[in-house]
Structures are given as C-alpha cells and as structure tokens.
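Predicted, not measured: the structure shown is a model, and the values here were computed from it.
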Amino acid sequence: MTAGAPKRRLPWAYRLVALLLRPLLMWVTKRDWRGLENIPAEGGFVVSTNHISYADPLVFAHFMFDSGREPYFLGKDSLFAIPFVGWLLKKCGQIPVYRNSAAATDSYRAAVEGVRAGKALGIFPEGTITRDPDLWPMRGKTGAARVALETRCPLIPVAQWGAQEILSPYGHKPSLFPRKTMMMYAGPPVDLSDLYDRPIDTKVLREATDRLMDRITELLEVLRDEKRPTERFDPRQHGVPEIGDPLGHHEIGRAKRHRGRDGSPS
C-alpha cells in the first residue's frame with residue numbers, strides 16, 4: 001500500500017496472496033499508474049475498468065493495492081468451482097457472480113452489502129473480455145451502475161492498456177519478457193447525482209452505464225493516444241456471443257470484416 005494509507009484488516013488469505021503476487025508482478029512488469037489521487041481513501045465505492053485479457057484482474061488488483069485500497073471483485077462463478085482456487089477466492093472475500101440465473105440476485109445483494117461495509121468493489125462493466133476487434137470498450141452491462149445508484153457511492157472509471165501484451169484475449173500462453181508496461185488511469189467519479197431521485201429502471205441504468213463506458217473510453221484514448229471508434233461495439237448487433245470464448249476470435253474477426261473504417265457497422 002502507499003505510504004501513509006490507512007491500514008485495514010485484510011483476510012489472512014488476501015494478505016498471503018498479496019505477499020506472494022505483488023513482488024512477482026513488480027518483477028515481470030513495468031507500471032504506468034495514473035490518477036491514483038482519484039481513488040477514495042475511505043468508504044465504499046465501485047471501481048470499474050475495461051476488460052481486455054485474462055490477466056486484467058491481476059493488473060487491476062495491483063493498481064488498486066498500490067493506491068492503498070485493496071479491491072474485492074465480482075467474479076464469474078466458474079472460477080469458484082476450480083479446486084483450491086475457488087476456496088482461496090472465497091477466503092479472500094471475493095464475490096461469485098451467477099450469470100443468467102436466479103442466484104444473480106444474491107451476488108447483487110452481496111455487492112451492495114460490500115460497498116456499505118466500506119469495501120472497494122471492482123466490477124468489469126463489460127462482463128467479459130471486449131468483443132471489439134480493436135479492443136475498445138464495448139457496450140457495458142448495468143451491474144456497476146446499479147450498485148452505485150443503489151448505494152449512492154462513488155463510481156470510479158479506470159482505463160487500462162498493456163495486459164493484452166502479456167496474455168492476448170482468451171490466450172493461455174503468457175509472454176512475460178521483455179517486460180511490458182501496464183498502464184492504468186483512474187478518473188474522477190462519474191457524476192450520477194441527477195439520477196439519484198429517479199426510479200432505478202432500465203432507462204436510468206442504461207444512462208448511468210453509458211456515462212461510465214464513455215468515461216472509461218475517454219481515459220483509454222489518452223493511454224492509447226488514439227481516437228475511439230465513432231460507435232461503441234454491441235455484440236448483439238454483430239451476432240457475437242456475449243459471454244465465453246467466441247470460438248478463438250473467429251466471430252470477432254468476422255465482425256471486424258463487417259465494420260466500417262470509421263468504426264461503425266458497414
């Protein structure tokens with residue numbers, strides 16, 4: 001944690017994982033951390049970043065830990081079914097997400113309770129690795145916005161770039177050397193105050209989510225020194241599965257061939 005950051009009582013498993021992984025990450029990566037001053041020092045909040053690689057959670061957790069706020073993630077339930085890994089995740093206080101099932105309500109309730117207990121709750125708003133052919137943020141799911149609106153906590157946007165060089169999207173063979181630079185950029189909280197007194201319905205959730213994805217994309221433009229596509233990628237419009245490995249990127253490649261030069265569907 002950063003010097004002067006308030007000490008928190010972490011689960012023993014969390015302390016153990018941090019003790020083992022942080023020195024390893026310091027050795028195998030270079031880091032470009034920006035916007036750490038925008039991470040709240042106290043209280044619960046939601047922090048969301050774009051999703052580009054299976055390596056994202058490690059890089060994101062490293063960034064957050066260095067900010068002085070250890071993150072607690074919503075992770076897909078299949079990870080919790082892996083022997084030992086699932087047990088360790090639970091002991092670290094991480095929260096399983098049961099996608100497309102009635103148990104998803106329990107995950108949402110646990111997320112809200114976590115924020116109200118003062119935790120930094122990490123949520124990948126896209127729900128999976130982006131299907132955008134050029135790895136720009138795609139259409140977001142509404143979970144992060146829902147928790148932020150329910151608790152009225154800060155919603156912190158974070159852009160990241162570099163993890164895909166360690167492990168390509170849906171890749172399984174890491175490339176650690178020469179060392180790659182992991183870039184993370186946290187922005188000020190997304191302003192949702194004008195939505196607080198409105199019913200949390202589909203329209204409000206979509207508005208809040210679009211604001212979050214817009215802000216993440218703006219931060220990513222700075223990291224990549226590029227302009228975003230004119231239209232955000234929507235898997236449903238391109239016939240790409242919204243969850244799971246899209247057949248080794250075959251579907252993403254097909255979508256790219258049908259995308260115009262300006263980023264909009266052709």
Side-chain angles (χ1 to χ4, degrees), residues 34-51 60 63-64 67 69 71-75 95 97-128 130-132 136-160 184-222 228-237 242-243:
R34 309 184 196 184
L36 290 173
E37 69 279 3
N38 291 315
I39 304 295
E42 294 291 343
F45 61 96
V46 174
V47 56
S48 291
T49 190
N50 53 308
H51 203 349
F60 190 18
F63 172 75
M64 288 298 299
S67 80
R69 295 301 304 271
Y72 293 86
F73 290 107
L74 293 179
I95 304 170
V97 175
Y98 302 93
R99 296 187 292 194
N100 302 323
S101 75
T105 301
D106 295 333
S107 300
Y108 171 71
R109 186 180 302 113
V112 168
E113 290 173 355
V115 169
R116 288 177 173 161
K119 292 183 176 181
L121 188 70
I123 300 178
F124 290 94
E126 295 158 287
T128 190
T130 180
R131 269 63 174 142
D132 184 276
W136 288 99
M138 65 177 179
R139 188 175 192 268
K141 298 184 182 299
T142 59
R146 182 184 292 273
V147 174
L149 288 170
E150 174 73 21
T151 61
R152 300 193 177 187
C153 72
L155 176 59
I156 308 298
V158 177
Q160 65 152 329
M184 304 286 297
Y185 190 2
V190 179
D191 185 7
L192 303 179
S193 58
D194 59 310
L195 304 178
Y196 286 161
D197 294 328
R198 293 171 57 182
I200 304 178
D201 55 19
T202 301
K203 184 177 181 180
V204 165
L205 287 172
R206 177 45 50 195
E207 171 65 26
T209 300
D210 287 345
R211 290 183 193 180
L212 171 62
M213 300 311 298
D214 282 344
R215 189 64 185 123
I216 291 173
T217 305
E218 289 169 4
L219 295 168
L220 186 57
E221 285 183 310
V222 176
R228 74 181 89 179
T230 56
E231 183 173 313
R232 184 174 295 125
F233 190 87
D234 186 341
R236 297 174 302 178
Q237 294 181 3
E242 292 191 61
I243 61 175

Extract all donor-acceptor atom pairs below 3.5 Å that involve side chains of residues 43-50 and protein atoms in other chains or at least two apart in sequence.
residue : atom : partner : partner atom : Å
Ser48   : OG   : Ile123  : O            : 3.0
Thr49   : OG1  : Val158  : O            : 2.8
Asn50   : OD1  : Gln160  : N            : 2.8
Asn50   : ND2  : Gln160  : O            : 3.1

side-chain contact (heavy atoms from CB on, under 4.5 Å) between Met213 and Arg232, worked out: CA-CA 9 Å; Met213 300 311 298; Arg232 184 174 295 125; 3.6 Å; yes
Parallel, tilted or perpendicular: rings of Phe73 and Phe60 (30°, 60°): tilted
For Glu207, side-chain contact (heavy atoms from CB on, under 4.5 Å) partners two or more places apart: Leu195, Arg211
Can you measure from [atom1] ([X]) to [atom2] ([Y]) and round to the nearest 0.5 angstrom?
X: Leu220; Y: Tyr185; atom1: CG; atom2: OH; value: 12.0 Å
X: Met64; Y: Ile156; atom1: CE; atom2: CD1; value: 8.5 Å
X: Met184; Y: Arg34; atom1: CE; atom2: CZ; value: 12.0 Å
X: Lys203; Y: Leu205; atom1: NZ; atom2: CG; value: 12.5 Å
X: Ile216; Y: Leu212; atom1: CD1; atom2: CG; value: 4.0 Å

Verdict with supporting geometry, Phe63 and Leu36, side-chain contact (heavy atoms from CB on, under 4.5 Å): CA-CA 8 Å; Phe63 172 75; Leu36 290 173; 3.3 Å; yes
Using a strict 4.0 Å threshold on nitrogen-to-oxygen distance, state whether [X] and [Y] make a salt bridge.
X: Arg215; Y: Glu218; result: yes
X: Asp234; Y: Arg131; result: no
X: Asp197; Y: Arg152; result: yes

Pair Val115-Glu150, side-chain contact (heavy atoms from CB on, under 4.5 Å): steps then yes or no: CA-CA 10 Å; Val115 169; Glu150 174 73 21; over 6 Å; no
Flag side-chain contact, heavy atom, 4.5 Å: Arg69 against Ser67: yes
Note, Arg139 side chain near Arg236 side chain (heavy atom, < 4.5 Å): yes
Whether the side chain of [X] engages the backbone of [Y] through a donor-acceptor N/O pair (distance < 3.5 Å, no angle test) should be reported.
X: Thr209; Y: Arg206; answer: no
X: Arg228; Y: Glu221; answer: no
X: Thr130; Y: Trp136; answer: yes
X: Glu126; Y: Met138; answer: yes

Minimal non-hydrogen separation, Pro157 against Leu219, with atom names: O-CD1, 3.6 Å
Val204 versus Pro199, closest heavy-atom pair with distance: CG2-O, 3.3 Å
side-chain contact (heavy atoms from CB on, under 4.5 Å) between Val112 and Arg146, intermediate numbers included: CA-CA 9 Å; Val112 168; Arg146 182 184 292 273; over 6 Å; no
